[in-house]
Amino acid sequence: DVKVTQSSRYLVKRTGEKVFLECVQDMDHENMFWYRQDPGLGLRLIYFSYDVKMKEKGDIPEGYSVSREKKERFSLILESASTNQTSMYLCASNRRDRATYEQYFGPGTRLTVT
Amino acid sequence: RKEVEQDPGPFNVPEGATVAFNCTYSNSASQSFFWYRQDCRKEPKLLMSVYSSGNEDGRFTAQLNRASQYISLLIRDSKLSDSATYLCVVPQNTGGFKTIFGAGTRLFVKA
């Protein structure tokens with residue numbers, strides 16, 4: 001059974017803080033994704049990684065960076081958190097040969113920036 | 001026009017009712033489509049895929065209309081446990097990774 005875990009379910013940070021969100025998957029998936037989900041806007045892709053140390057910008061990469069040093073781990077970094085980054089952050093993964101097929105999601109991290 | 005648009009919910013239906021949601025997409029080259037279900041404060045999970053004319057799984061039927069560029073999800077004999085948000089998902093099939101998620105349609109099934 002595929003499992004995607006995220007380091008925190010709830011997180012409260014102050015404006016200007018550096019924030020790390022961690023995601024780990026245990027199915028040896030090549031592809032990993034970071035999305036944010038906001039009411040009325042659906043899931044929006046922040047960054048995508050298709051291999052270790054490889055990354056591609058999604059639709060809304062501004063204010064974020066990512067790191068993929070190991071295949072199973074994909075980190076999202078908010079260099080200087082701002083209130084407009086308050087959101088639900090979802091990590092997902094799937095196999096490279098099924099890049100446009102089912103994605104497996106983690107439980108999400110609800111981040112509040114005050 | 002948004003790349004993927006869904007019926008605005010919420011849909012409030014009694015148990016046993018039949019309910020249908022629509023989702024329109026703008027990329028005529030899209031080949032595959034998905035419905036995900038997301039329970040309150042939970043992650044999205046795949047419900048059904050739609051590759052050609054349609055797909056049926058028990059009480060759930062997903063249909064594709066390529067000419068009009070929409071997919072639909074029909075739920076028959078609604079259960080209380082069907083209450084959730086249903087996300088329409090359209091991979092872009094551009095050789096890359098982009099998948100467009102709709103904003104979701106919320107369904108409430110009441111006793």
Side-chain angles (χ1 to χ4, degrees), chain A residues 1-6 8-10 23 25 29-51 54-61 66 68 74 87-111, chain B residues 1-10 21-27 29-52 55 57 62 64 71 73 84-106:
Chain A
D1 201 20
V2 176
K3 193 165 184 182
V4 181
T5 57
Q6 295 184 227
S8 306
R9 292 300 303 273
Y10 300 94
C23 175
Q25 49 91 7
H29 285 166
E30 294 86 0
N31 301 325
M32 296 188 75
F33 309 80
W34 273 108
Y35 294 91
R36 63 178 283 177
Q37 185 175 31
D38 300 288
L41 296 178
L43 277 76
R44 293 180 292 167
L45 182 64
I46 304 171
Y47 266 99
F48 160 74
S49 171
Y50 54 91
D51 204 345
M54 306 306 289
K55 62 185 179 185
E56 295 278 349
K57 291 181 179 179
D59 296 317
I60 50 165
V66 291
R68 187 138 180 231
F74 192 33
S87 185
M88 170 67 86
Y89 289 87
L90 289 158
C91 175
S93 73
N94 64 8
R95 284 167 40 188
R96 177 177 297 153
D97 60 345
R98 299 180 71 81
T100 57
Y101 290 77
E102 180 178 8
Q103 294 184 22
Y104 298 88
F105 285 87
T109 296
R110 188 167 293 279
L111 173 67
Chain B
R1 180 184 176 184
K2 286 185 179 178
E3 291 178 271
V4 175
E5 287 195 84
Q6 295 190 237
D7 276 354
F21 313 134
N22 283 334
C23 168
T24 58
Y25 60 94
S26 61
N27 184 355
S30 296
Q31 297 295 313
S32 56
F33 308 86
F34 302 90
W35 284 101
Y36 278 66
R37 171 194 169 124
Q38 186 172 23
D39 293 309
C40 188
R41 300 186 183 281
K42 299 278 190 178
E43 70 273 23
K45 291 184 179 179
L46 181 67
L47 176 67
M48 296 184 74
S49 56
V50 188
Y51 293 111
S52 55
N55 191 9
D57 183 6
L64 167 64
I71 62 173
L73 179 67
T85 297
Y86 292 84
L87 308 177
C88 171
V89 180
V90 182
Q92 295 301 285
N93 292 318
T94 57
F97 54 86
K98 194 171 184 182
T99 297
I100 307 298
F101 287 78
T105 298
R106 185 168 288 186

Give, as side chain, backbone, both or neither, the part of Arg44(A) having an atom under 4.5 angstrom from any heavy atom of chain B.
neither

Which answer fits Leu41(A), side chain, backbone, both or neither, if we ask what part of it has an atom under 4.5 Å from a heavy atom of chain B?
backbone

Nearest atoms (heavy-atom pairs only) where Ala103(B) meets Gly40(A):
CB-O, 3.6 Å

List for me each residue that meets side-chain hydrogen bond (donor to acceptor under 3.5 Å, both in side chains) alongside Tyr47(A), sequence neighbours excluded, and say none if there are none.
none

Chain B contact via Asp59(A) - side chain, backbone, both or neither, heavy atoms under 4.5 Å:
side chain

For Phe21(B), ring pair (Phe, Tyr, Trp, His ring centres under 6.0 Å) partners two or more places apart:
Phe11(B), Tyr86(B)

Measure Gln38(B) against the heavy atoms of chain A and call it side chain, backbone, both or neither at under 4.5 Å.
side chain

When rounded to the nearest 0.5 angstrom, what is the spacing between CD in Gln103(A) and CD in Glu43(B)?
13.0 Å

Taking every non-hydrogen pair under 4.5 Å, which of Ala92(A), Gly108(A), Pro39(A), Gly106(A) racks up the most with chain B?
Gly106(A)

More than 12 heavy atoms of other residues, nucleotides or ligands under 6.0 Å from CZ of Arg106(B): is that the case?
no

Distance from Tyr35(A) atom OH to Phe101(B) atom CZ, nearest 0.5 Å?
4.0 Å

How far does OG1 of Thr99(B) sit from CG of Asn94(A), to the nearest 0.5 angstrom?
7.5 Å

Measure the CD-OG1 distance between Gln37(A) and Thr85(B) for me, rounded to the nearest 0.5 Å.
8.0 Å

